[in-house]
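We number each residue from 1, following the sequence as shown.
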Amino acid sequence: MSPPTTNGRVAPARENGNQIDFERLRAERHRTCVAVMDDLDLDALVVGREATIQYVSGARRFWTEGAKPFNPGCVMIAGSGLVYLMSTWADGVPPEIGHDQLYGMTWNGATLAAELAAIPGLSESRRIGVDAMTPGAARLLHAVAPKADIEDASAVLTDRRRIKTPDEQACIDRKSVV
């Protein structure tokens, strides 16, 4: 089956269109992240790379222009499977992430630590997986979860993301960002 065209060009996949089941795509990615966390025995996953944030949360964030050091932009908790996202508004956030699962952007480390500490289960974590980290981010996570070992989960996440679902392949065929 050929992808639909618009004026001879491949039509992009759109969240509000009927071309691709984005709800199913996000659910499959969520299952992949749960499996990664199970395989690595992680209590939490804290990611900061924009592509990983989008993969874990399904959110499309628009305020990421410019230089950006590692920031804990998305947190997934193993026990609940809930995803928490650094965002100041719900635009681009999928419906499965409630408003109470959003935490604000800030350059103030104490404020960010308080926001992260308020995420149920993060402070009690024994093992936290990350996709990148700066020394400052490591200190922040250790302050929030003092008993946690911080593990690099980037290689496993990257390997799992290489395996494409039919919905992801359809997005690629349409030259869309997923």
Would you say [X] and [Y] make side-chain contact, with heavy atoms under 4.5 Å?
| X | Y | answer |
| --- | --- | --- |
| Leu157 | Leu45 | yes |
| Pro72 | Leu112 | yes |
| Met86 | Asn71 | yes |
| Pro120 | Ile77 | no |
| Tyr103 | Val75 | yes |
| Ile53 | Glu50 | yes |

Of all heavy-atom pairs between [X] and [Y], which one has the smallest distance, and what is that distance?
| X | Y | result |
| --- | --- | --- |
| Val56 | Cys33 | CG2-SG, 3.7 Å |
| Ala59 | Leu85 | CB-CD2, 3.4 Å |
| Ala113 | Val144 | O-CG2, 3.6 Å |
| Ser123 | Pro146 | O-CD, 4.3 Å |
| Arg161 | Ala51 | NH2-CB, 3.6 Å |

Got a sec, which pairs hit side chain to side chain donor-acceptor pair (under 3.5 Å) with one end in residues 146-155, sequence neighbours left out?
->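 Sorted result for residues 146-155: Arg127-Glu151, Asp152-Ser154.
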Pair listing, salt bridge (charged side-chain N to carboxylate O under 4.0 Å, His left out) test, anchored in residues 31-40, at least two apart |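 Found Asp39-Arg160.
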Distance, nearest 0.5 Å, that separates CD of Glu23 from CG of Leu25 |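 Result: 11.0 Å between the selected atoms.
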May I ask you to decide if Gly121's main-chain N or O and Ser125's side chain share a donor-acceptor pair within less than 3.5 Å?
->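 Yes, Ser125 side chain to Gly121 backbone: donor-acceptor pair under 3.5 Å.
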Just by modelled atom types, is the Gly81 backbone N or O under 3.5 Å from a matching donor or acceptor in the His30 side chain?
->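 Yes; judged by distance alone, with no hydrogens or angles, the pair exists.
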Could you walk me through whether Thr52 and Cys74 pass the side-chain contact (heavy atoms from CB on, under 4.5 Å) check?
-> CA-CA 9 Å; Thr52 311; Cys74 179; over 6 Å; no
Salt bridge (Lys or Arg N to Asp or Glu O under 4.0 Å) against [X], all qualifying residues, sequence neighbours excluded:
| X | result |
| --- | --- |
| Arg126 | Asp41, Asp43 |
| Glu96 | Arg26 |
| Asp159 | Arg162 |

Answer yes when Glu168 and Arg29 have at least one side-chain N-carboxylate O distance shorter than 4.0 Å, and no when they do not.
->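 Between Arg29 and Glu168 there is a salt bridge, with a charged N closer than 4.0 Å to a carboxylate O.
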List in chain and number order the residues that pass side chain to side chain contact (heavy atoms under 4.5 Å, CB included) with [X], two or more places apart in sequence or in another chain; answer none if no residue qualifies.
| X | value |
| --- | --- |
| Ala132 | Arg49, Phe70 |
| Ala145 | Ile128, Ala148 |
| Asp100 | none |
| Ile97 | Ser57, Val83, Val93, Pro94, Gln101, Leu102 |

Check the pair Thr32, Thr165 against side-chain contact (heavy atoms from CB on, under 4.5 Å), reporting the backbone distance first and the verdict last.
-> CA-CA 11 Å; Thr32 297; Thr165 67; 6.0 Å; no
Step by step, would you call Asp167 with Glu28 a side-chain contact (heavy atoms from CB on, under 4.5 Å)?
-> CA-CA 9 Å; Asp167 289 314; Glu28 289 169 341; 4.0 Å; yes
Using the test side-chain hydrogen bond (donor to acceptor under 3.5 Å, both in side chains), find all partners of Glu124 that sit at least two apart in sequence or belong to another chain.
->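 Applying side-chain hydrogen bond (donor to acceptor under 3.5 Å, both in side chains) to Glu124 gives none.
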